Amino acid sequence: IHGRTTVLRDHDSISYFYFDFVEDLSGFEKQFRKKAEDAKSNYSFNPAEQRHDLIHYSSVPWISFTQVKHARRIPAADCIPKLVFGKYYKEGEKVLMPFSVSVHHSLVDGLHVGQYFEKFQKYLNDI
């Protein structure tokens, strides 16, 4: 599964870019950073490429939230999961971060979302 996300350009505008799945973290990071940097100079705003091997990622590090609702027209064939990360904050000894998952029920069930959250939490606990 590959990804699509946005990058903040000068003057607070955004650009979309796609990144490919890479098995090792350092290879992924190198590719991601290059594509993000290239996207900063791309001033077209055309997120129209429709692929079904994607997850859309977004980050809103300026705010904490309790819910995210994507304003979009949903074609019947759009089953691409949408993940949004928010601003982390401390609550006592814990560090918390809002995280929203929006999925099409014909592709993903609540069980799968729960399994994803468990794996994500385990990863965070291990770092």
Side-chain angles (χ1 to χ4, degrees):
I1 300 291
H2 311 291
R4 183 181 85 174
T5 192
T6 56
V7 63
L8 190 62
R9 298 184 300 219
D10 294 339
H11 310 293
D12 296 337
S13 62
I14 62 168
S15 181
Y16 284 101
F17 71 97
Y18 295 88
F19 54 94
D20 297 318
F21 172 79
V22 176
E23 185 73 36
D24 70 287
L25 186 58
S26 92
F28 171 80
E29 182 179 9
K30 182 179 179 182
Q31 173 224 189
F32 186 90
R33 288 182 184 274
K34 172 149 182 28
K35 289 194 174 197
E37 202 54 43
D38 291 347
K40 286 182 181 181
S41 61
N42 177 1
Y43 281 86
S44 68
F45 188 77
N46 185 7
E49 182 180 346
Q50 293 300 317
R51 298 168 50 182
H52 295 288
D53 60 348
L54 291 175
I55 295 177
H56 293 166
Y57 293 92
S58 233
S59 179
V60 190
W62 308 277
I63 61 170
S64 290
F65 55 80
T66 57
Q67 178 182 5
V68 171
K69 179 147 176 77
H70 298 277
R72 60 191 181 127
R73 185 176 42 185
I74 303 173
D78 182 4
C79 294
I80 299 172
K82 317 261 186 262
L83 304 172
V84 181
F85 301 89
K87 181 179 182 179
Y88 70 88
Y89 58 97
K90 285 191 172 187
E91 190 175 275
E93 295 292 314
K94 295 181 179 181
V95 176
L96 304 173
M97 179 180 65
F99 179 49
S100 169
V101 175
S102 177
V103 294
H104 194 293
H105 189 58
S106 67
L107 176 67
V108 178
D109 198 15
L111 171 68
H112 306 109
V113 174
Q115 290 170 338
Y116 181 84
F117 271 81
E118 285 176 3
K119 286 184 179 189
F120 185 59
Q121 184 64 58
K122 182 178 179 343
Y123 172 78
L124 292 174
N125 292 345
D126 291 343
I127 57 173

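By convention here, the first residue in the shown sequence is residue 1. Everything quoted here is computed from the prediction, not taken from an experiment.
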Quick one: list whatever passes side chain to side chain contact (heavy atoms under 4.5 Å, CB included) with [X], sequence neighbours left out.
{"X": "Lys87", "answer": "Ser64"}
{"X": "Phe65", "answer": "Val68, Val84, Pro98, Ser100"}
{"X": "Leu124", "answer": "Phe120, Gln121, Ile127"}
{"X": "Tyr57", "answer": "Thr5, Phe19, Ile55, Leu83, Phe85"}

Hey, mind stepping through Glu37 and Arg33 against salt bridge (charged side-chain N to carboxylate O under 4.0 Å, His left out) and telling me if it holds?
CA-CA 6 Å; Glu37 202 54 43; Arg33 288 182 184 274; over 6 Å; no
With sequence neighbours left out, what residues match Lys34 under side chain to side chain donor-acceptor pair (under 3.5 Å)?
Asp38
Which residues share a side chain to side chain donor-acceptor pair (under 3.5 Å) with Asp24, sequence neighbours left out:
Ser26
Between CD1 on residue Ile80 and OG on residue Ser102, distance to nearest 0.5 Å
11.5 Å
Value rounded to 0.5 Å, distance of CD1 in Ile1 from CG in Asp53:
6.0 Å
Tyr89 side chain reached by Leu96 side chain, heavy atoms, under 4.5 Å
yes
Do Val7 and Lys35 have side chains that get closer than 4.5 Å, going by heavy atoms?
no
Greater than 12 external heavy atoms within 6.0 Å of Phe117's CZ:
yes
So, the side chain of Arg4 versus the backbone of Phe17: is there a donor-acceptor pair under 3.5 Å, distance only?
no
Give the cluster check for Tyr123 versus Val22: same hydrophobic cluster or not, with ILVMFWY residues linked at side-chain heavy-atom distances below 4.5 Å.
yes
Electrostatic pair Lys122-Glu118, nearest N-O below 4.0 angstrom:
no
